[in-house]
Amino acid sequence: MQITDVRVRKVAKEGKLKAVVSITVDDEFVVHDIKVIEGEKGLFIAMPSKKALDGEYRDIAHPINTATRERIQTTILGKYEEALEEDEPAVVDEM
């Protein structure tokens, strides 16, 4: 599996949510709404999720092993850092 495209939308509002990201896998499959979040131990990603009937949020797409999650996170956070260095304006959070 290769991540062939990463699109970062920086968030203008203050808070823990820093960006919303879409990734393309093998030029064939896209995952939207991956969030870059500032946590107590630094940046991390949260996969797209929805609220279940019991009120809990559940991922609707996610890697099934740690190595893949780390590869996706490393790639996304690298692209996020590049986006911070650019002078593109951030988008207002729509969520």
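Keep in mind the model is a prediction, meaning the values are calculated, not measured. FYI, side chains are in, hydrogens and waters are out, and symmetry mates aren't considered; it's all heavy atoms of this structure.
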Minimal heavy-atom distance between R69 and I45, with the atoms involved, is NH1-O, 4.0 Å

Let's go through D27 and T4 carefully: what are the C-alpha distance in whole Å and the side-chain angles of both, what is the deciding distance for side-chain hydrogen bond (donor to acceptor under 3.5 Å, both in side chains) to 0.1 Å, and is it a yes or a no? CA-CA 6 Å; D27 287 323; T4 52; 3.1 Å; yes

Are any non-hydrogen side-chain atoms of P48 and I34 less than 4.5 angstrom apart? yes

Hey, quick one: are I72 and I60 part of the same hydrophobic cluster, counting side-chain heavy atoms closer than 4.5 Å, chains of contacts allowed? no

Do other residues, nucleotides or ligands put more than 12 heavy atoms under 6.0 Å from the CZ atom of F44? yes

When rounded to the nearest 0.5 angstrom, what distance separates NZ in K10 from CG in L84? 6.0 Å

Spacing of CD1 belonging to I76 relative to CD1 belonging to I23, to within rounding of 0.5 Å: 5.0 Å

Nearest 0.5 angstrom please: R9 CZ to D33 CG, how far? 6.0 Å

In short, salt bridge (charged side-chain N to carboxylate O under 4.0 Å, His left out) pairs touching residues 39-55 with sequence neighbours left out are D54-R58

With heavy-atom distances below 4.5 Å as the criterion, would you say the side chains of L43 and Y80 are in contact? yes

Within this structure, what is the CD1-CG distance for the pair I37 and L17, rounded to the nearest 0.5 Å? 6.5 Å

Roughly how far apart are E38 CD and K16 NZ, rounded to 0.5 Å? 9.5 Å

Can you sort out the partners of H32 under side chain to side chain contact (heavy atoms under 4.5 Å, CB included), two or more places apart, ordered by chain and number? S22, V30

To the nearest 0.5 Å, tell me how far I3 CD1 sits from K79 NZ. 10.5 Å

Just by distance, do the side chain of N65 and the backbone of T68 share a donor-acceptor pair under 3.5 Å? yes

Would you name the heavy atoms of R71 and M1 that are closest together and state the gap between them? NH1-O, 2.7 Å

